[in-house]
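Report on one structure; see the data block that follows.
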Amino acid sequence: MKKQRIPYEHKASTREYLVALSSFPKYLKLLHSNDKPYKGLLDWLIDKRIIKYESYERLPSIKELSKTLNLDASRVTKYLKIIYYEIHELNENEPRLFCKEGQILCDLRFFYLGAYASFSVGFDVLPRVDEQIDFYFIKPRIGSRCFHVDKIFHDMSDTGHSIMLSLTSDYPNTYLKLLKEKAYIHRQISFGELIGLDHEYEFEEKLINYNRNL
């Protein structure tokens, strides 16, 4: 029996949450924090009070940040994670908030080592297949920041037009894509395998074996 690959589960560090949040203050400004215990931390992140050391700037350590905010380090860690996932929840419920006027709203689906995450953002120009997208904000969620556009899906319905981008951490492999299309034409794989977004190594080996003697 073929073993099922266990999806990778990323355990984000507190530092990753801090970098992700401080890099996207426009997302932080979408949260309403007046009645939230993390208000002081959120205000600090929005203001981006970066500590200056000699000729460069850097983010403070969690210990330094907890001292600045007069909070226990454990609370800073807890609040960073809460803020991060509240932004994800807001993105899921109100994706239009993450798209400027005139931009193209796209639903991004990230695939990394069997793990999956999604986030909706606005683009000035629609990315093309095989182009690279570097999006640090998703790293604490899935473990990687660099992806390539694998597929673009357009959904037309009575309510309008929506766009979904499938993103993979794998480097684009045109040869493998051709093998998949050829195998599907010869009915060696199913339609589901053709459009699959995250294949295992054994599947790639199967495709190569189909063409080994050609």
Side-chain angles (χ1 to χ4, degrees), residues 7-10 12 16-32 42 45-46 48 80-178 180-181 184 191-200 203-204:
Y8 170 71
E9 183 178 351
H10 182 61
E16 286 179 342
Y17 288 119
L18 176 60
V19 174
L21 292 173
S22 62
S23 299
F24 291 86
K26 61 182 179 181
Y27 294 169
L28 299 169
K29 294 176 183 178
L30 297 174
L31 297 179
H32 301 290
L42 185 68
L45 290 167
I46 291 174
K48 292 184 71 172
L80 285 172
K81 188 173 181 178
I82 290 175
I83 292 170
Y84 181 79
Y85 279 99
E86 284 196 3
I87 291 175
H88 272 275
E89 183 178 358
L90 181 63
N91 182 266
E92 182 179 353
N93 295 330
E94 300 184 62
R96 281 285 170 190
L97 293 177
F98 296 78
C99 183
K100 296 179 182 177
E101 184 177 354
Q103 286 188 324
I104 304 168
L105 179 63
C106 294
D107 177 20
L108 306 183
R109 305 291 177 91
F110 301 89
F111 295 87
Y112 178 64
L113 300 179
Y116 159 81
S118 64
F119 202 84
S120 296
V121 297
F123 285 97
D124 296 325
V125 178
L126 184 65
R128 295 172 294 185
V129 171
D130 289 345
E131 288 187 336
Q132 180 175 308
I133 292 179
D134 186 343
F135 186 46
Y136 193 95
F137 192 78
I138 204 67
K139 186 176 182 181
R141 184 77 178 271
I142 199 170
S144 182
R145 59 181 289 179
C146 294
F147 297 85
H148 288 88
V149 180
D150 182 50
K151 294 182 179 68
I152 302 176
F153 298 90
H154 295 265
D155 182 29
M156 307 298 296
S157 66
D158 186 57
T159 57
H161 172 212
S162 61
I163 302 173
M164 190 269 278
L165 272 60
S166 167
L167 305 173
T168 176
S169 60
D170 296 333
Y171 193 80
N173 190 329
T174 303
Y175 176 66
L176 185 60
K177 289 181 179 179
L178 290 173
K180 283 176 65 177
E181 292 173 0
Y184 177 69
F191 180 71
E193 289 176 312
L194 174 67
I195 65 173
L197 301 177
D198 189 36
H199 292 301
E200 297 184 358
F203 177 76
E204 297 179 5

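- Here the closest heavy-atom approach between residue Pro95 and residue Ser120 is recorded as CB-CB, 3.7 Å.
- Side chains of Asp134 and Arg145 form a contact here, defined as non-hydrogen atoms less than 4.5 Å apart.
- Sorted by first and then second residue, the salt bridge (Lys or Arg N to Asp or Glu O under 4.0 Å) pairs involving residues 160-169 (not counting sequence neighbours) form an empty list.
- Closest heavy-atom contact between His10 and Glu16: NE2-OE1, 2.8 Å.
- Residues that satisfy the side-chain hydrogen bond (donor to acceptor under 3.5 Å, both in side chains) test with His32, not counting sequence neighbours, are absent from this structure.
- Nearest heavy atom pair, residue Ser169 against residue Phe147, reads N-CD2, 3.7 Å.
- Residue pairs satisfying the side chain to side chain donor-acceptor pair (under 3.5 Å) criterion with at least one member in residues 86-104, sequence neighbours excluded, are listed as follows: Lys36-Glu86, Tyr38-Glu86, Tyr84-His88, His88-Arg141, Gln103-Asp124.
- Across every non-hydrogen atom of Ser144 and Ile138, the tightest pair is O-CG2, 3.5 Å.
- A ring-ring contact (aromatic ring centres under 6.0 Å, His included) with Phe119 holds for exactly one of Tyr85, Phe110, Phe98; it is Phe98.
- A heavy-atom distance below 4.5 Å is found between the side chains of Asp107 and Ser118.
- Taking the salt bridge (Lys or Arg N to Asp or Glu O under 4.0 Å) definition, one finds that Arg128 meets it with Glu131, sequence neighbours left out.
- Tyr116 pairs by the ring-ring contact (aromatic ring centres under 6.0 Å, His included) definition with Phe111, not counting sequence neighbours.
- Side-chain contact check for Phe137 versus Leu21: some heavy-atom pair is nearer than 4.5 Å.
- Nearest heavy atoms, Leu126 versus Ile104: N-CD1, 3.9 Å.
- Ring geometry, Tyr27 versus Phe24: the interplanar angle falls under 30°, so the pair is classed parallel (tilted spans 30 to 60°).
- Partners of His161 under the side chain to side chain contact (heavy atoms under 4.5 Å, CB included) rule, at least two apart in sequence or in another chain, are His154, Met156, Ile163.
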